[in-house]
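A note on names: the letters A, B, ... follow the listed sequences, proteins ahead of strands, and every chain is numbered from 1. Just so it is clear, the structure is predicted and the values come from calculations on it, not from any experiment.
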4 protein chains.
Amino acid sequence: MSFSSVRQYAGPMTTETTPVSRAERKKQELRREIIETAFDCFAERGYHATGIADIATRLGIGHGTFYRYFQNKRDIVDHVITDLVETVVAALAAENAPEAVSSLAEYRVQSARIGDVLGVILGGDPRVARFLLLEAAGIDAEMRERVLDFYETAAQLTAGYLHHGVNLGYLHADLDVDSTARAINGMIIAAVLTSLRDPGPDAQARMSSAIRRVMYDGIAVRA
Amino acid sequence: MSFSSVRQYAGPMTTETTPVSRAERKKQELRREIIETAFDCFAERGYHATGIADIATRLGIGHGTFYRYFQNKRDIVDHVITDLVETVVAALAAENAPEAVSSLAEYRVQSARIGDVLGVILGGDPRVARFLLLEAAGIDAEMRERVLDFYETAAQLTAGYLHHGVNLGYLHADLDVDSTARAINGMIIAAVLTSLRDPGPDAQARMSSAIRRVMYDGIAVRA
Amino acid sequence: MSFSSVRQYAGPMTTETTPVSRAERKKQELRREIIETAFDCFAERGYHATGIADIATRLGIGHGTFYRYFQNKRDIVDHVITDLVETVVAALAAENAPEAVSSLAEYRVQSARIGDVLGVILGGDPRVARFLLLEAAGIDAEMRERVLDFYETAAQLTAGYLHHGVNLGYLHADLDVDSTARAINGMIIAAVLTSLRDPGPDAQARMSSAIRRVMYDGIAVRA
Amino acid sequence: MSFSSVRQYAGPMTTETTPVSRAERKKQELRREIIETAFDCFAERGYHATGIADIATRLGIGHGTFYRYFQNKRDIVDHVITDLVETVVAALAAENAPEAVSSLAEYRVQSARIGDVLGVILGGDPRVARFLLLEAAGIDAEMRERVLDFYETAAQLTAGYLHHGVNLGYLHADLDVDSTARAINGMIIAAVLTSLRDPGPDAQARMSSAIRRVMYDGIAVRA
DNA sequence: GATGAATGAGAGTTCATTCAT
DNA sequence: AATGAATGAACTCTCATTCAT
């Protein structure tokens, strides 16, 4: 199981260099299972409340085996996060290059599609968003910085789209691209957080629509 | 010390029912000091890495004394959060009632003022935002729900402003008030997160301005 | 219990600054009991085979309590060694100052007395010698150096006696005092090691007598 | 590598029954390499801090292979000790039979030669002495007894020389041969221990000379 | 015969909590 | 009311040993 609905987006795990020998393949498989099971446990009880023994027991392996694959408890959560982030980023980047767009209308379509993808990823397995947005940063200071890094990366990604729009003339020429990208991402975060409380597709659609309304037209009545 | 710059906004602590006897007053005082010191420790090393003994030692009291004021470790962090949330909410609510506004121009002024207040509160003591937005939700499932509750409350607060604007006609009549409120709050969260990485006033001002630009006019060039 | 027969020699523990409060006294008492019980355990099963839990259980305290008194397992063995060394040194130093001797005859008497004292100390509780001479150095590199330091100190002590004898003229004027002291101490070590295998008083007396014979007259027939 | 300087004394390893087949010879070779590498590791980090994996890795073999050659960790250290002891004993016994001596002058020469040999063996590779004298006995009770056995054997060896001297009349007729032998060996131990701290040839020569002075003439001025 | 993946007993250590003083 | 000594559950992590490949 695990966040399997996400898998269809060709996450990073399927693109890894295929190992040669059968033993090596088995090893990679177990390594992957440990990461997934660890995520299951962390998502269920939280990082601090999860013991290595919990992960091992749930997987049916000895807990000493865990340490053959990961240095320590901190190491595994790092890999879990890396995995999740790569999955999300891969899903978002696929077929959504800024350059594929050349008009406002196309941009609206693209942003709607990105919204849908996010909805499928994060709606498909709410634990992913919950863990990345709400729990990860509380693990320790280093992880907090990683989460902030993640936001930073996302801001640059979004800024790319805005920049493209400014260049092509369908977005305001004097846009503060960087700050605006952050603001837009903030709305996306809000949508994701909302979906954690109200996971239904209606609420999601309404958020998506509200964000696009604000984003393109603003809320103010025109003079 | 502590998040003292926030204090000037008449946080909840000064509005509590004043106790009578001198002993009672002393007790309340220590209780307050424990909450503040606990926040200091949590902000510095994180909730899980902080021991009750750390708090007690830093305050110069026996760690048995702690348990005369709070049930357990979980209890104190609940109080710390309550305190922080009330402080922030109080600061935002003060003199910023939705009803005080009757035109778009006034609303612009008011939202700029709210932005300034947020800047002072969260810029004055970055630990407050860091703890509320990044660490609190990772403590356990219950706390995570509290944080989501907090976002919910904030959404309703913002929705109040929007509703007022729609009623008075300076905001779009067909605005999905609830969802839009969440989206706008998302931008505010983004601004706060940005300030954690780049605490300078410039970045803050740019975010504030970008948010208002998006909010009122959107990013799209008018037809 | 513990190496109690040694106690009569006024080991270091009775000369410590007496604490004031009753609680403080209790604490010092427990601290001492832990040291003694740790020695019991180490002597019985060896340092590495002894767990903190063993010490605590035998003493009837929780094993968490141990860590209120000593930093870690390494810390306690350091204190055990310090205790043993101080006890032995104190016993040897008592009433046996080099200056108290002014002739070969007196020196013979004094060295016999020192031999007796050693016999009582180490014969009284063979575990002391066994631990100091045979097991301690195997704990780790640092402890090994401490043991070598101990030998060094003992050499200097013995050298003091020889130097006095040379000055007073009853020992060879051209004696290599330092090396000879080490050699003599080696014989004492041999005596102690012998007593570990053959603890009877006869073997001890024979060693003592053989050492003095070698020491004063050598083994060679005079020309 | 390893305590190779010792090898020239025709240690026990070259006198073993030569195996027949090539495969068998290879096996014996690896067995020997494991013993030597184990000693390298034990000498470097101590017995308890050394893992089977350390030995195997350093040798470039799988650590499962280790168990094809030795029963367990305890087994290998037993072999290491046996090896070291045999090497030392062989070196001492070679060309130094008690019967080869027939006068005090010759005995002096022989004992000086034995001292030299010891110096070469133990000075050549200080790890041998350090491990035998300081660390081995701390491994466990059984090994401690083996070390004491070793001292016992050495005492009997030395006693043989003394006995010979008494019989031939150049040593005191009433010598307590057994105890005196132990005492003399104690001085040798002291010399070896000294060389561990001060490995220079000077200190060694001084100890050697001091021991012979004490041994033959004693320290006391003649009446 | 060689390997190294798997194992789990067991180690040291921490810390929230209790309660006698 | 304040204290801090005592506690033991629970944790992370190591490593000697086994055994299927």
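In the set dT3(F), dT17(F), dT7(E), dT3(F) carries the atom at the smallest distance from any side-chain atom of T65(B). With distances taken from any side-chain atom of I52(D) to the nucleotides dT17(F), dC13(F), dG12(E), the minimum falls on dT17(F).
Look at CD1 on I34(A): it is 8 Å from P on dA6(E), rounded to the nearest Å. In this entry the distance linking NZ of K73(C) with P of dA11(E) reads 8 Å, nearest Å. When rounded to the nearest whole Å, the span between NE2 of H48(C) and P of dG10(E) equals 18 Å. Between L59(A) atom CG and dA6(E) atom C1' there is a gap of 13 Å when expressed in whole angstrom units. A straight line from CZ of F70(C) to P of dG12(E) spans 15 Å, rounded to a whole angstrom. With rounding to whole Å, N72(D) atom CG is found 19 Å from dA9(E) atom P. In this structure, R31(B) atom CZ and dA2(F) atom C1' are separated by 17 Å, rounded to whole Å. Spacing between atom CD of E29(D) and atom C1' of dG1(E) amounts to 16 Å, rounded to whole angstrom units.
Judged by the 6.0 Å and 45° rule, K73(B) forms a cation-pi pair with Y47(B).
Minimum interatomic distance between L59(B) and L30(B) (heavy atoms only, all atoms of both residues): CD2-CD1, 3.9 Å.
Across all strands shown, dT14(F) forms a Watson-Crick or G-U wobble pair with dA9(E), both key distances being under 3.5 Å. dA20(F): Watson-Crick or G-U partner is dT3(E), with both key distances under 3.5 Å. Summarising the base pairing, dC15(E) is matched to dG8(F) through a Watson-Crick or G-U wobble pair whose two defining distances lie under 3.5 Å.
Salt bridge absent: D54(A) and R58(A) never bring a charged side-chain N and a carboxylate O closer than 4.0 Å. Taking the charged nitrogens against the carboxylate oxygens, R127(C) and E44(C) have no contact shorter than 4.0 Å, which rules out a salt bridge. We find that D140(D) and R45(C) are not joined by a salt bridge, their nearest charged nitrogen and carboxylate oxygen being 4.0 Å or further apart.
Across all strands shown, K26(C) has no heavy atoms under 4.0 Å from either base or sugar-phosphate atoms. Across all strands shown, T50(C) has heavy atoms under 4.0 Å from sugar-phosphate atoms exclusively, and none from any base. Within the 4.0 angstrom heavy-atom criterion, only backbone atoms of the sugar-phosphate kind lie near K27(C); the bases stay farther away. Within 4.0 Å (heavy atoms only), Y69(B) reaches sugar-phosphate atoms of the nucleic acid but no base atom.
Two residues are said to be in side-chain contact when any heavy atoms from C-beta on lie closer than 4.5 Å; H63(A) and T57(A) fail this criterion. Residues F42(D) and E135(D) fail the side-chain proximity criterion, which asks for heavy atoms closer than 4.5 Å.
Mapping A53(A) and F66(D) onto DNA chain F by nearest heavy atom places A53(A) at the nucleotide closer to the 5' end. Position along DNA chain F of the nearest nucleotide to R74(A) versus G60(B) favours G60(B) as the more 5'-ward residue.
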For nucleotides 18-21 of chain E, list the nitrogen or oxygen atoms of the protein found under 3.5 Å from its nitrogen or oxygen atoms, one pair per line.
none

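Within the model, atoms CD of E33(B) and CG of D40(B) stand 11.0 Å from one another, a figure rounded to the nearest 0.5 Å.
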